[in-house]
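Report on one structure; see the data block that follows.
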Amino acid sequence: MRKLLPLIGTPSGSHPGGRSAMTCRFRCGDACFHEVPNTSSNEYVGDVIAGALSRRSVMRAAAVVTVAAAGAGAVGVAGAPEAQAAPAAQGGPRKPEGARGLRFMPVAPNTADAVTVPEGYRQNVVIRWGEPILRGAPAFDPEKQTAAAQAGQFGYNCDFLALMPLKGERGRQLLVANHEYTDEILMFRGYDSENPTREQVEIAWAAHGLAVVAVEEDHRSGKLTPVTRHPLNRRLTATSEFRLTGPVAGSDLVKTSADPSGTKVRGTLNNCAGGTTPWGTTLHAEENFNQYFAHGSRATDKRYGIGTGTTERKWERFDKRFDLAQEPNEVHRFGYVVELDPYDPDSVPRKRTALGRFKHEAATVRLTHDGRPVVYSGDDERFDYFYKFVGSKRMRPGNSRSAREHNLTLLDEGTLYVAKLTGDSPAIEIDGTGKLPKDGEFDGSGRWIPLATATADGAVSHVEGMTAEEVFVFTRLAGDKVGATKMDRPEDIEPNPVTGKVYVALTNNSNRGVGSNPGADEANPRNVNKHGHVLELTERWNRPESTEFAWSLFLVAGDPEDPATYFAGFPKDSVSPISCPDNLAFDAHGNLWISTDGSALGSHDGLFGVATRGSRRGELKQFLTVPRGAETCGPVIQDRRVLVAVQHPGEVDGASVEKPASTWPDGPGRHVRPAVVAVWRADGRDIGV
């Protein structure tokens with residue numbers, strides 16, 4: 001792999017990783033700057049991991065390379081983007097080597113205002129913010145935007161993506177997308193953050209939520225394009241109807257003046273990663289919902305990071321449900337996993353309360369040997385936990401009406417668990433630097449602690465001092481009580497479809513070991529963890545319903561030259577640098593694909609593939625980078641296509657509509673627009689083979 005030079009000329013700030021202050025404001029409500037919500041004395045995963053890296057990780061690597069922004073220009077305008085490939089390794093082009101599925105020349109770290117892909121690959125913008133997808137929706141005009149128009153157009157800032165099959169429609173698939181959050185400064189010319197207008201707020205409501213849109217492949221070029229006005233196309237927003245199901249439905253904790261039944265919710269907010277189910281639905285994880293609610297006053301509000309004052313967007317001025325002084329239970333109706341049936345445009349999506357309430361990042365599913373669903377989810381907060389739900393009902397195969405109706409009840413009954421990790425090295429050997437303990441590894445064992453069980457006849461708490469309803473609504477507090485392990489922002493969790501091992505992305509935690517905050521442990525071995533890491537779990541007997549597992553450190557992110565980094569034992573002079581792992585996905589070969597959020601290495605975020613087995617285990621290669629200010633989200637890895645969401649391009653401190661920091665994807669003089677991008681091989685063959 002190419003030798004890399006130090007990256008220069010990239011501004012850095014005091015925000016975690018490489019995030020801008022603007023991203024922190026609008027995406028997560030400055031979550032990394034408010035007081036840490038978890039004040040429990042539970043063990044910190046960094047302390048657990050600190051002794052678990054293999055001694056092979058002490059290899060030195062070449063320095064990091066840069067590609068100047070001028071070396072790879074912005075992707076072409078108005079739907080005609082072409083591949084931007086980083087220069088080949090010094091000495092001329094070579095035939096790509098690597099594990100099957102990863103045989104491409106890696107893209108060098110860079111700061112180009114473009115989507116940069118490997119040599120021999122092509123790309124196109126599939127769909128942008130504001131493109132009409134429903135019948136009657138107008139063409140996008142950012143200067144004349146209305147809430148009614150936005151409700152029929154593709155929303156803002158995609159995160160999770162899924163491509164679902166469309167039987168009987170050759171060359172077509174259903175694209176399902178989360179619209180996580182809005183950045184009004186980049187949406188509205190002359191936006192006044194202290195005095196938003198009702199129209200601006202209602203446009204933002206309509207730009208949140210979910211989208212379903214049919215897409216069609218051009219077999220000659222490989223491009224994907226939306227099929228506007230397809231009968232399955234759909235938009236769900238912050239004001240659409242949703243339904244609470246499971247153990248919390250009807251509870252006094254979720255009743256409001258507008259919904260005395262405690263079963264009907266208006267909208268879904270801040271949907272981050274998600275998942276698909278074996279029965280043909282999609283799952284959407286409500287993450288940083290806390291930032292939308294004003295005037296929190298209770299201890300439970302504080303534990304969920306809800307502030308005592310007004311909010312950034314000031315929605316509480318226009319709808320009292322966002323003001324907890326007036327509607328204290330409204331916030332208890334957010335923070336769940338939403339299940340959507342994309343094949344039924346008239347269905348009401350369901351918020352599955354049996355999966356718990358927290359800042360869900362992802363909801364990935366696999367089945368037990370007897371057909372029961374297991375759902376994994378992280379709680380994206382510094383020093384919080386990760387969870388799994390084990391269903392008690394078996395999936396019925398087939399697409400009959402009775403099978404579909406039965407399968408749409410699977411996530412309402414079962415047991416919710418939280419993870420506790422134990423390292424196998426003495427705590428004194430974990431010093432927070434990433435230095436290996438005497439046994440030469442960061443590893444250990446773990447167990448899933450039951451929190452509550454939901455059945456058709458009611459629910460039972462397994463947490464002393466809490467009712468079952470309280471466990472499912474205040475899940476973080478239940479994790480505190482049972483001694484779950486504090487993690488470094490657990491995000492996406494994905495089971496490997498080939499090996500069955502489970503991978504957990506831990507994005508970063510710059511507060512580890514700072515002040516009175518917990519220090520490193522064997523599962524989180526670095527203080528001031530700017531770059532994050534990836535855990536590998538092996539559940540007992542490789543059965544997802546097991547309550548015991550072994551864990552080890554698979555990847556410790558950062559500059560390969562840093563002795564504290566680790567790439568599953570692969571030589572570090574032959575890997576791409578990576579920082580802040582976020583979303584995860586797998587290809588058919590069992591390779592793990594990692595998208596990043598807030599790289600702290602000075603280069604732009606990207607998508608990486610890494611082998612998880614064989615002689616090349618740990619070989620990490622960068623597949624693409626995204627434009628200035630953007631984050632790489634929602635990777636979908638198919639045999640012949642990779643899909644990514646380019647989230648918040650141009651979201652750089654000081655940027656605005658009048659002073660854009662990026663011209664992607666449509667060129668100068670036009671609004672910067674979040675979008676979905678497809679990448680494929682120019683010769684039409686499978687990715688990386």
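- In this structure, R235 and L210 approach most closely via the heavy-atom pair NE-O, 3.0 Å.
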Practice prompt. Evaluate side-chain contact (heavy atoms from CB on, under 4.5 Å) for L411 paired with F389, printing each intermediate quantity in order.
Written response: CA-CA 8 Å; L411 301 184; F389 168 86; 4.2 Å; yes

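- A distance-only check finds no donor-acceptor pair linking the side chain of E119 to the backbone of M105 [under 3.5 Å].
- In this structure, R394 places its CZ atom where only 12 or fewer heavy-atom neighbours from other residues, nucleotides or ligands lie under 6.0 Å away.
- Counting heavy atoms from C-beta on, the side chains of L236 and T268 never come closer than 4.5 Å.
- Taking every heavy atom of both residues into account, L232 and P345 meet most closely at CD2-CD, 3.7 Å.
- Expressed to the nearest 0.5 Å, how far CG of L592 lies from CG of L555 amounts to 8.5 Å.
- Looking at L607 and I594, their side chains never come closer than 4.5 Å, going by heavy atoms from C-beta outward.
- Aromatic pair F154/H179: centroids less than 6.0 angstrom apart.
- Between P342 and T281, the closest heavy-atom pair is CD-CA, 4.0 Å.
- Using a 30° and 60° split on the angle between ring planes, F104 and Y121 fall in the perpendicular class, above 60°.
- Between D379 and Y387 the shortest side-chain heavy-atom distance falls below 4.5 Å.
- Note: H648 and Y181 have tilted aromatic rings, judged against thresholds of 30 and 60 degrees for the angle between ring planes.
- The shortest side-chain heavy-atom distance between N270 and E286 does not fall under the 4.5 Å cut-off.
- The closest side-chain heavy-atom distance from L175 to L161 is below 4.5 Å.
- Ring geometry for F549 against F386 counts as tilted: the plane angle lies between 30° and 60°, on a 0 to 90° scale.
- No donor-acceptor distance shorter than 3.5 angstrom exists from the side chain of R128 to the backbone of A675, with no hydrogens or angles considered.
- At distances below 3.5 Å, at least one donor-acceptor pair connects side-chain atoms of D492 with backbone N or O atoms of L584.
- Between the OG1 atom of T368 and the CE atom of M395 there is a distance of 10.5 Å, given to the nearest 0.5 Å.
- Heavy-atom minimum distance, V126 versus V677: CG2-C, 4.1 Å.
- For the residue pair E217 / W680, no side-chain donor-acceptor distance below 3.5 Å is found, with atom types taken as modelled.
- Salt bridge annotation for D344-R404: absent, with no cationic side-chain nitrogen under 4.0 angstrom from a carboxylate oxygen.
- Judged as a side-chain hydrogen bond (donor to acceptor under 3.5 Å, both in side chains), and not counting sequence neighbours, the contacts of E545 are H369, R543.
- Side chain of K621 to backbone of A611: no donor-acceptor contact under 3.5 angstrom is found.
- Side-chain N or O atoms of S377 include none that pairs as donor or acceptor with a backbone N or O of A363 at under 3.5 Å.
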Practice prompt. List the steps and the verdict of side-chain contact (heavy atoms from CB on, under 4.5 Å) for T277 and L283.
Written response: CA-CA 7 Å; T277 70; L283 301 180; 3.8 Å; yes

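- Note that CG of D666 and CZ of F140 are 9.5 Å apart. Values are rounded to the nearest 0.5 Å.
- The minimum heavy-atom distance linking G101 with N591 is given by the pair CA-ND2, 3.8 Å.
- In this structure, K223 contributes its side chain and D218 its backbone to no donor-acceptor pair below 3.5 Å.
- Distance alone, capped at 3.5 Å, places no donor-acceptor pair between the N178 side chain and the H284 backbone.
- K167 has its side chain within reach of N399: a pair of non-hydrogen atoms, C-beta onward, lies under 4.5 Å apart.
- T625 and H604 share no donor-acceptor pair across their side chains, judged by distance under 3.5 Å alone.
- With no hydrogens or angles considered, no side-chain donor-acceptor pair links S347 and D341 at under 3.5 Å.
- A search for side-chain hydrogen bond (donor to acceptor under 3.5 Å, both in side chains) contacts involving H589 returns nothing, not counting sequence neighbours.
- With 3.5 Å as the limit, one finds no donor-acceptor pair spanning the side chains of N407 and R396.
- In this model, no donor atom of one side chain and acceptor atom of the other lie less than 3.5 Å apart for K501 and T612.
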Discussion item. side-chain contact (heavy atoms from CB on, under 4.5 Å) for V610 and F554? Distances and angles first, verdict last.
Written reply: CA-CA 10 Å; V610 57; F554 175 70; 3.9 Å; yes

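- Across all their heavy atoms, D605 and D597 have their closest contact at OD1-N, 3.5 Å.
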Worksheet item: For F586 and V498, what are the C-alpha separation, side-chain angles and deciding distance, and is it a side-chain contact (heavy atoms from CB on, under 4.5 Å)?
Response: CA-CA 9 Å; F586 281 94; V498 176; over 6 Å; no

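- For the atom pair OG of S662 and CD of E651, the computed distance is 11.5 Å after rounding to the nearest 0.5 Å.
- Put simply, the side chain of L163 reaches to within 4.5 Å of the side chain of V215, judged on heavy atoms.
- Expressed to the nearest 0.5 Å, how far CD of E180 lies from CG of D159 amounts to 4.5 Å.
- Between the side chain of T282 and the main chain of T276, no donor-acceptor pair closer than 3.5 Å is present.
- D559 contributes no side-chain N or O that, together with a main-chain N or O of T565, makes up a donor-acceptor pair within less than 3.5 Å.
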Item to complete: Just do the salt bridge (charged side-chain N to carboxylate O under 4.0 Å, His left out) check on R617 and E536 with the steps written out, would you?
Response: CA-CA 13 Å; R617 172 178 160 89; E536 182 181 71; 3.0 Å; yes

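- In summary, the side chains of D582 and S595 do not present any donor paired with an acceptor at a separation below 3.5 Å, with no hydrogens or angles considered.
- A salt bridge links R366 and E539; the closest N-O separation between the charged side-chain nitrogens and carboxylate oxygens is under 4.0 Å.
- Using a 4.5 Å heavy-atom cutoff, the side chains of R640 and D686 are in contact.
- The distance from atom CG of L102 to atom CG of L620, rounded to the nearest 0.5 Å, is 9.0 Å.
- When atom types are taken as modelled, the side chain of S579 and the backbone of S599 share no donor-acceptor pair closer than 3.5 angstrom.
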